[in-house]
Amino acid sequence: LKPPQPCLTQRTQMADFTLNLSASIRSVGTLRSLAEGRRRDAEPDAFNAMRAALIRARKDMAALEGHERQDMHEVLDLIRRHAEKPWVAPRCKECLKIFFCSDAWLRVAQSDAALCKSLQELTSDCPELQAKFSTELLADGRARSVARSTDEGLKKLDIGTLLRSGKHAMADFDFQFPRGQLDVGTDAFQRLFEGLKKARHSSQAQSGVAEKVLAGFSVRELEGIMCFLASMRESGVRDTYRCRISSAIKTLKLLSPAFRGISERGSWGTRIAGASSCAAFVTAYFRSVFADV
């Protein structure tokens with residue numbers, strides 16, 4: 001007999017891992033039918049079995065799809081409860097990092113505000129997960145930034161995550177400060193501001209990280225950021241942020257030669273799609289308000 005082909009053996013193993021993960025997730029789902037005492041006794045074994053199956057199947061992201069929504073909720077809630085034991089918390093975070101590679105699992109977490117808040121607190125030291133929690137997944141698969149972060153939470157994120165998530169959040173509103181969603185718009189600005197502040201007051205190496213991230217922004221995105229900052233200041237609804245806006249522009253000019261060039265030219269805003277109404281205002285407004293920045 002010929003030995004099995006390596007690729008066939010690997011596919012068979014992955015299929016087995018997927019089936020094991022599905023079985024373990026369904027098993028966790030059945031815990032909700034047990035009495036409180038019996039459920040509590042069964043949870044450690046259910047968690048360990050689920051985690052073992054998840055780690056084996058983690059290379060096949062398709063294994064995370066197609067599960068019953070209620071079972072998925074039970075798994076996330078089990079992770080939340082299990083993480084209350086300090087010595088198990090690192091394993092719980094490990095599981096969340098894998099599960100949240102799938103948008104479907106992130107949507108389930110976001111559908112329960114209390115669960116989402118608990119998981120966000122649990123992973124406060126994981127920047128990559130915090131970035132995911134700061135994104136709301138819409139039904140059509142698009143992502144929209146939401147204001148779930150606090151000042152303390154933002155301070156725990158790294159410079160690159162702050163700058164990129166701030167830019168993406170501003171882009172969600174076509175780089176116009178949203179008067180109807182003040183908290184969300186302010187959160188977008190705060191992300192950018194905290195990233196710039198960290199870069200300005202950190203070591204030269206950290207400033208270099210910020211310079212590299214900003215160098216990856218396109219000219220259009222940098223123009224959009226200026227447009228967002230100008231429209232935020234002009235809105236008048238966030239007067240307490242005027243000094244922060246000016247500070248953000250100063251730091252951007254310091255760290256990004258491209259942004260500095262944009263701020264010094266006459267009609268930079270005209271190339272922003274859909275921003276023609278903003279362009280003329282920004283050109284004159286920038287000259288009058290930010291000329292000394």
Side-chain angles (χ1 to χ4, degrees), residues 21-51 53-54 57-58 61 63-86 88-154 156-157 161 165 168-169 172 181 183-184 187-188 191:
L21 178 60
S22 296
S24 67
I25 289 173
R26 288 196 300 272
S27 178
V28 172
T30 63
L31 295 180
R32 60 178 173 268
S33 64
L34 300 179
E36 179 68 21
R38 291 185 61 194
R39 190 194 71 184
R40 195 180 306 113
D41 291 340
E43 281 182 349
D45 288 341
F47 173 83
N48 290 333
M50 180 274 297
R51 175 176 172 270
L54 179 63
R58 68 183 182 277
M61 288 297 101
L64 300 178
E65 308 298 330
H67 303 287
E68 291 292 330
R69 188 179 181 86
Q70 194 169 7
D71 289 345
M72 294 163 70
H73 186 280
E74 287 295 325
V75 167
L76 294 176
D77 201 37
L78 172 63
I79 292 174
R80 175 192 63 79
R81 293 194 302 272
H82 220 51
E84 293 175 358
K85 305 170 184 176
V88 186
R91 296 181 180 180
C92 293
K93 295 176 187 178
E94 177 188 36
C95 291
L96 291 175
K97 287 180 180 179
I98 300 173
F99 277 130
F100 288 154
C101 288
S102 164
D103 289 350
W105 285 84
L106 185 57
R107 283 194 187 93
V108 170
Q110 292 178 336
S111 68
D112 184 333
L115 174 63
C116 190
K117 182 179 179 181
S118 295
L119 296 179
Q120 191 173 12
E121 291 173 352
L122 168 64
T123 58
S124 61
D125 59 342
C126 302
E128 65 272 31
L129 289 180
Q130 289 297 303
K132 288 180 180 292
F133 281 121
S134 68
T135 302
E136 179 183 9
L137 295 169
L138 306 180
D140 61 3
R142 292 181 297 114
R144 178 177 66 195
S145 297
V146 293
R148 284 204 183 95
S149 51
T150 62
D151 285 345
E152 287 303 315
L154 289 180
K156 295 177 182 179
L157 301 182
T161 299
S165 62
H168 290 316
D172 287 341
Q181 301 184 56
D183 289 341
V184 179
D187 181 73
R191 288 175 174 276

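Just so it is clear, the model here is predicted, and its values are computed rather than measured. Counting begins at 1 with the first residue of the sequence.
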Could you walk me through whether Ile98 and Trp105 pass the side-chain contact (heavy atoms from CB on, under 4.5 Å) check? CA-CA 10 Å; Ile98 300 173; Trp105 285 84; over 6 Å; no
Any chance you could measure [X], atom [atom1], to [Y], atom [atom2], to the nearest 0.5 Å?
X	Y	atom1	atom2	answer
Ser33	Arg38	OG	CZ	8.5 Å
Ile25	Glu68	CD1	CD	11.0 Å
Arg51	Glu94	CZ	CD	4.5 Å
Leu106	Leu96	CG	CG	10.5 Å
Leu119	Cys92	CG	SG	9.5 Å
Asn48	Ser24	CG	OG	11.5 Å

Indicate the atoms forming the closest heavy-atom contact of [X] with [Y], along with that distance.
X	Y	answer
Ala83	Ala89	O-CB, 3.9 Å
Lys97	Cys101	O-SG, 3.3 Å
Phe99	Leu54	CE1-CD2, 3.6 Å
Ala42	Leu34	CB-CD1, 4.4 Å

Test item: [X] and [Y] side chains (from C-beta on) under 4.5 Å apart, heavy atoms:
X	Y	value
Val108	Val75	no
Ile79	Met50	yes
His82	Arg91	no
Leu21	Leu64	yes

Strictly below 4.0 Å, N to O, side chains only: are Glu36 and Arg39 in salt-bridge contact?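 Yes, charged N to carboxylate O under 4.0 Å.
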Tell me if a side-chain donor or acceptor on Ser118 pairs with a main-chain N or O of Ala114 at a distance below 3.5 Å. yes
Is the backbone N or O of Gly29 less than 3.5 Å from a side-chain atom of Arg32, with the two atoms forming a donor-acceptor pair by type? yes
Restricting to salt bridge (charged side-chain N to carboxylate O under 4.0 Å, His left out), what partner residues turn up for Arg80, sequence neighbours left out? Asp77, Glu84
